[in-house]
Structures are given as structure tokens and as C-alpha cells.
Amino acid sequence: MYQHIKVPADGQKITVNADASLSVPDHPIIPYIVGDGTGIDITPVMLKVVDAAVAKAYGGARKISWMEIYAGEKSTNVYGPDVWLPGETLEAVKDYVVSIKGPLTTPVGGGIRSLNVALRQELDLYVCLRPVRYFAGVPSPLKQPEKTDMVIFRENSEDIYAGIEWAEGSDGVKKMIKFLTEEMGVKKIRFPETSGLGIKPVSREGTERLVRKAIGYAIDNDKPSVTLVHKGNIMKYTEGGFRDWGYALAQKEFGAELIDGGPWCKFKNPKTGREITIKDSIADAFLQQILLRPAEYSVIATLNLNGDYISDALAAQVGGIGIAPGANMSDSVAMFEATHGTAPKYAGKDYVNPGSLILSAEMMLRHMGWIEAANLIISAMEKAITSKKVTYDFARLMEGATQVSCSGFGEVMIEQM
Ligand SMILES: NC(=O)C1=CN([C@@H]2O[C@H](COP(=O)(O)OP(=O)(O)OC[C@H]3O[C@@H](n4cnc5c(N)ncnc54)[C@H](OP(=O)(O)O)[C@@H]3O)[C@@H](O)[C@H]2O)C=CC1
Ligand SMILES: O=C(O)CCC(=O)C(=O)O
Ligand SMILES: [Mg+2]
């Protein structure tokens with residue numbers, strides 16, 4: 001049925017039930033993309049660690065049948081020089097429901113557009129979920145890194161990130177500037193002859209579905225607050241819209257009531273009876289608050305570009321993007337991936353920290369309901385860090401550490417299971 005994807009004979013598909021829960025067979029087929037750059041280092045280590053955790057947790061009764069699918073440079077080798085994201089990769093991600101990917105390169109300026117963004121857009125994976133937590137012993141620039149415990153819900157389908165833009169001097173940009181100046185009365189383009197232009201779409205529907213997920217997460221996980229992070233004072237109808245639509249949704253769908261006349265509001269968690277506060281923060285101020293008063297923030301709902309910046313900033317607070325996991329999700333499909341990119345200078349050197357992708361796989365196992373295997377990965381990560389046998393990123397900041405390679409760190413984790 002596929003041109004180049006080989007479907008393993010010994011596995012079955014994960015399926016989605018009418019209530020959006022998953023039916024996970026004991027031998028699920030899970031597609032994976034190796035990824036560009038350091039993807040070739042971290043992905044095989046992740047596969048090995050996950051297989052070891054599953055084998056240990058279920059004694060052979062459960063096993064993942066991995067199925068390689070292709071995107072990025074490897075895809076151009078398999079499918080032909082210009083095929084960066086084959087149609088059958090998208091089909092497989094959709095059909096098999098749960099998948100995991102290594103990072104993919106996006107050139108700055110010209111060249112191909114982001115394959116990561118294309119995957120999210122094509123499959124409408126509108127939630128980018130990035131939990132940020134501290135592991136004891138990880139070197140951090142903060143005095144009390146354990147106070148950073150947040151979960152980012154980054155809108156993944158809209159915003160300036162959508163890639164609607166025209167280059168300086170192109171026919172498209174000339175047309176747009178003519179339209180804006182002549183038909184829309186825009187007088188504020190400072191250098192019309194030499195501008196590139198980008199469009200920032202942010203919708204009520206897009207905001208509502210994201211904020212609904214963030215509030216739902218706060219309810220299910222007994223979290224005290226959801227903070228809407230935006231730059232609505234300046235971009236009133238996009239980022240300001242996000243804030244207003246978010247607050248309105250909390251009131252309309254969750255019965256939140258204004259605190260002291262608003263805009264903050266609160267409601268009782270229907271599952272625990274505890275209060276959940278919905279608040280907002282302007283993005284620049286937020287970036288200093290998370291450093292100075294991290295304990296005041298829990299679930300974060302934000303727009304695409306803010307979420308990108310906030311993800312790396314928060315990751316740094318708890319030890320860096322070497323251990324920053326994530327997931328891209330729609331209501332049915334979930335594709336797990338690390339927060340970091342391809343770190344090209346380290347590619348192929350068996351050097352970088354595989355922790356982000358391993359923790360992304362841990363999120364995947366939890367999503368599948370394979371909690372015992374997920375727990376084993378967390379405890380193995382904790383023990384590996386405590387043993388101080390760590391990759392360069394931690395070793396360079398940790399006293400008394402033994403530096404191990406990327407695959408070496410995987411081995412340390414497996415020994416700890
Ligand atoms: N989802 C995705 O696939 C993503 C793809 N990208 C793409 O990746 C490419 C490179 O992007 P770049 O901006 O350099 O960002 P990267 O995240 O790839 O790397 C930035 C720095 O982060 C550190 N780092 C990254 N990965 C690891 C790791 N596994 N372990 C330890 N430290 C790590 C390194 O720091 P140090 O130098 O201090 O060692 C590295 O130099 C670009 O093409 C970009 O578009 C970027 C983000 C996400
Ligand atoms: O797509 C890319 O190349 C970058 C994406 C990114 O930085 C992210 O999703 O965090
Ligand atoms: Mg990023």
C-alpha cells in the first residue's frame with residue numbers, strides 16, 4: 001500500500017474510540033521519523049530506551065513494532081531529491097494515530113519552509129504541549145529551579161508562524177503594499193520599497209480550541225491556574241483577541257466568574273473542588289516573571305511564536321533543551337517530538353543529550369496508557385542524573401560529573417531500570 005514505508009508484519013494499529021480515548025493493542029505499530037542533524041544520534045537511543053522500559057514493565061507481554069517513515073534529508077534520499085515530506089508520511093501519521101519524530105532542519109531565509117510546521121498544519125495538530133519540570137540534580141542557572149513547574153499549551157496552527165509572507169521586491173509584496181496603501185489607507189509602512197511582509201492570522205475558533213484544552217488539562221491534573229500569555233497591548237486584534245476570547249471561553253464553557261470586576265476570573269474544579277484561576281500576562285513581563293516568581297505560574301496558554309520563545313526560555317530554567325519534551329496533538333492524532341532542533345554542529349558525533357526525545361517518548365507511553373513503562377523511564381532518568389553520568393550539556397555545569405556519550409547516556413538509563 002505504501003511506496004517506501006515497510007509496515008511491520010507483527011503489529012496492529014492503535015485506533016481512536018468514539019469518545020476520543022485510544023484502543024492500544026499489545027503490539028502497536030508506531031511510526032517514527034529519525035530526523036535531521038542530531039536526529040541520527042538521539043532517535044536510535046530513544047528507541048532502545050523505550051524498548052527496554054516496555055520489556056521490563058510488561059515482561060514481553062507488550063512490545064512496540066516500530067515503523068520508520070520519512071521526512072527531511074532522509075526522505076530526499078529515499079523518495080528523490082525534492083521530496084522533503086512525502087504524502088505517505090502524512091497518511092501514516094494520521095492512520096497510526098500515535099507517532100514520534102526527531103528534529104528536522106529549516107534553513108533560515110530562503111530554501112524549504114519548515115517541515116515541522118508543515119506536519120502540524122497538514123494534520124491540524126493544533127496543540128503543542130510542552131511540560132517543563134525539574135529533575136533533582138540537574139544543573140540550572142536558578143537558585144530554586146524546582147519552583148519552575150509549568151505546562152505550556154502553545155497554539156500550533158496560526159499566528160505569524162503560519163508562514164504567510166512575501167519577500168522584499170517580489171510581485172507578491174508589491175501587490176500587498178499597493179493594496180494596503182491604496183485600498184486600506186495604511187500609512188504606517190515605513191519603507192514600502194524595501195519591506196518584506198508577513199501576515200499574522202489569529203482566530204477566535206483557533207484560540208478557543210487551544211484554551212479549552214489548556215483549561216481541560218488544569219481540571220484533569222488539579223492545577224491552580226491557567227495564564228493566557230499575549231502581547232495584546234500592541235497587537236490588539238490578534239494577541240489581544242487571544243486574551244479576550246480566552247477569558248470569554250473560561251466564563252462561557254467553564255462557568256468562571258470575574259474576580260474584583262475582572263479580567264481575571266476563577267471557577268471550582270469540578271473534579272476536586274479546588275479553585276482554578278484564569279489570568280493573563282503580557283509576554284515581555286511574563287518572561288521576567290517566570291525567572292523571578294516561577295511558582296506563580298502553572299498551565300500556560302499562548303500563541304504560536306510566544307510559545308516557541310517561552311518553551312526554550314523555560315527549558316533553560318530547569319537545565320536546558322537537552323531534556324525538554326513535547327507533543328503536537330489534534331483531537332485524535334498525537335506526534336511526539338523534542339523542543340530542541342537539529343543542533344547541526346553535533347550531528348553524527350554521538351554527543352548530545354537524548355533526554356528530550358526520551359522524555360517525549362515517555363509522554364507518548366503515558367498517552368497510550370502504558371503508565372508502568374512511562375514511570376520506569378522517569379525513574380531511570382532521575383537515577384541516571386543522580387549518578388552524575390551525563391552528557392556534555394550537564395557535565396560542563398555539574399561538579400564531579402562523568403561525561404558520557406549520547407548512546408552512553410541511554411545505556412546508563414537502561415542499567416537503572
Ligand atoms: N521541532 C524541530 O524539529 C525543531 C527544529 N529546529 C531546527 O533545527 C535547526 C537548528 O536550530 P538551532 O537554532 O541551532 O537550535 P537547536 O535547538 O538545534 O540547538 C541550539 C543549541 O541548543 C543546545 N542543544 C540542542 N539540542 C541539544 C541536545 N539534544 N542536547 C543538549 N543540548 C542541545 C545546543 O547548545 P550548546 O551549543 O550550548 O551545546 C545547541 O547548540 C534549525 O534548522 C531549526 O529550524 C529548531 C527547533 C525545533
Ligand atoms: O520548524 C522549525 O524549524 C523550528 C520549530 C521550533 O523552533 C519549535 O517548534 O519549537
Ligand atoms: Mg523552538
Side-chain angles (χ1 to χ4, degrees), residues 32-46 71-75 84-85 99-122 125-130 132 138-139 141 152-157 159-163 302-316 318-329 335-361 381 385 390-398 403-410:
Y32 70 96
I33 295 170
V34 171
D36 298 325
T38 49
I40 60 170
D41 302 294
I42 59 177
T43 303
V45 176
M46 176 278 293
E73 226 176 285
K74 190 157 184 190
S75 165
W84 295 90
L85 183 56
S99 58
I100 187 160
K101 66 175 275 292
L104 294 166
T105 299
T106 312
V108 177
I112 53 159
R113 285 205 175 269
S114 168
L115 302 169
N116 307 300
V117 174
L119 277 161
R120 297 167 192 166
Q121 287 179 337
E122 294 286 335
L125 306 174
Y126 64 91
V127 174
C128 180
L129 174 62
R130 290 180 167 172
V132 184
V138 169
I152 303 161
F153 279 75
R154 164 191 179 190
E155 203 290 323
N156 226 4
S157 66
D159 198 0
I160 199 80
Y161 223 91
T302 192
L303 301 98
N304 208 336
L305 183 61
N306 296 339
D308 192 10
Y309 297 156
I310 291 166
S311 300
D312 282 32
L314 279 177
V318 294
I321 47 183
I323 51 160
N328 302 295
M329 309 173 101
M335 180 173 228
F336 295 80
E337 70 171 344
T339 290
H340 63 67
T342 54
K345 67 184 173 188
Y346 298 128
K349 295 186 173 162
D350 190 19
Y351 189 65
V352 295
N353 193 337
S356 306
L357 194 61
I358 292 172
L359 290 174
S360 303
M381 178 69 77
I385 291 165
V390 289
T391 45
Y392 83 100
D393 50 330
F394 289 179
R396 69 187 169 187
L397 299 168
M398 234 181 200
Q403 185 171 328
V404 296
S405 63
C406 175
S407 56
F409 188 74

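If you read the sequence from its start, that first residue is 1, and numbering goes on from there. Atoms within a ligand are numbered from 1 in the order they appear, just like the ligands themselves. Treat the numbers as computed from the prediction; the structure is a model and nothing was measured.
When each atom of ligand 2 is checked for a heavy atom of Y161 under 4.0 Å away, the hits are 4 (C), 5 (C), 6 (C), 7 (O), 8 (C), 9 (O). Contact atoms of ligand 2 toward S114: 1 (O), 2 (C), 3 (O) (distance under 4.0 Å to a heavy atom of the residue). In the vicinity of T106, heavy-atom distances shorter than 4.0 Å reach the ligand 2 atoms 1 (O), 2 (C), 3 (O). Below 4.0 Å from some heavy atom of R120 lie the following atoms of ligand 2, by number and element: 8 (C), 9 (O). Of all atoms in ligand 2, listed by their number and element, those nearer than 4.0 Å to a heavy atom of R154 are 8 (C), 9 (O), 10 (O).
A 6.0 Å sphere centred on CD of Q121 holds more than 12 heavy atoms belonging to other residues, nucleotides or ligands.
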Run the side-chain contact (heavy atoms from CB on, under 4.5 Å) test on D312 and T339 for me, step by step, so that the C-alpha distance in whole Å, both residues' side-chain angles and the decisive distance to 0.1 Å come before the verdict.
CA-CA 7 Å; D312 282 32; T339 290; 3.3 Å; yes

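Checking side-chain atoms of T391 against main-chain N and O of V404 turns up no donor-acceptor pair under 3.5 Å. Judged purely by atom type and a 3.5 angstrom limit, N328 has no side-chain atom pairing as donor or acceptor with the backbone of E337. No donor-acceptor pair under 3.5 Å is formed between the side chain of T38 and the backbone N or O of D41. The backbone N or O of V34 sits less than 3.5 Å from a side-chain atom of T43, completing a donor-acceptor pair. Although no hydrogens or angles enter the test, the distance criterion places no donor-acceptor pair under 3.5 Å between the side chain of N304 and the main chain of Y161.
Here the straight-line distance linking atom CG of D308 with atom CD1 of I160 works out to 13.0 Å at 0.5 Å rounding. In this structure, OG1 in T302 is found 9.5 Å from CZ in R154, a value given to the nearest 0.5 Å.
In Y309, neither the side chain nor the backbone holds a heavy atom less than 4.0 Å from any atom of ligand 2. Contact annotation for H340 and ligand 2: no heavy atom of the residue comes within less than 4.0 Å of the ligand.
Shown here are the ring pair (Phe, Tyr, Trp, His ring centres under 6.0 Å) partners of F336, two or more places apart in sequence or in another chain: H367. By the ring pair (Phe, Tyr, Trp, His ring centres under 6.0 Å) test, F153 pairs with Y217, sequence neighbours left out.
Ring geometry, Y351 versus Y392: the interplanar angle falls under 30°, so the pair is classed parallel (tilted spans 30 to 60°).
Counting heavy atoms from C-beta on, the side chains of I112 and P107 come closer than 4.5 Å. Inter-residue side-chain proximity for L119 and K101 is flagged as met; some heavy-atom pair is nearer than 4.5 Å.
In terms of polar-atom proximity, defined here as any N/O pair under 3.5 Å, E337 makes no such contact with ligand 2.
Given atom 7 (O) of ligand 2, the protein heavy atom at minimum distance is D308 OD1, 3.2 Å.
Of all protein atoms, those that are N, O or S and lie under 2.8 Å from the Mg ion (ligand 3) total 1.
Between atom 2 (C) of ligand 2 and the options I321, N116, V108, T105, the minimum heavy-atom separation is to N116.
Near ligand 1, K101, P103, L104, T105, T106, N116, R120, I321, G322, E337, T339, H340, G341, T342, A343, P344, K345, Y346, V352, N353, Y392, D393, R396 each place a heavy atom less than 4.0 angstrom from the ligand.
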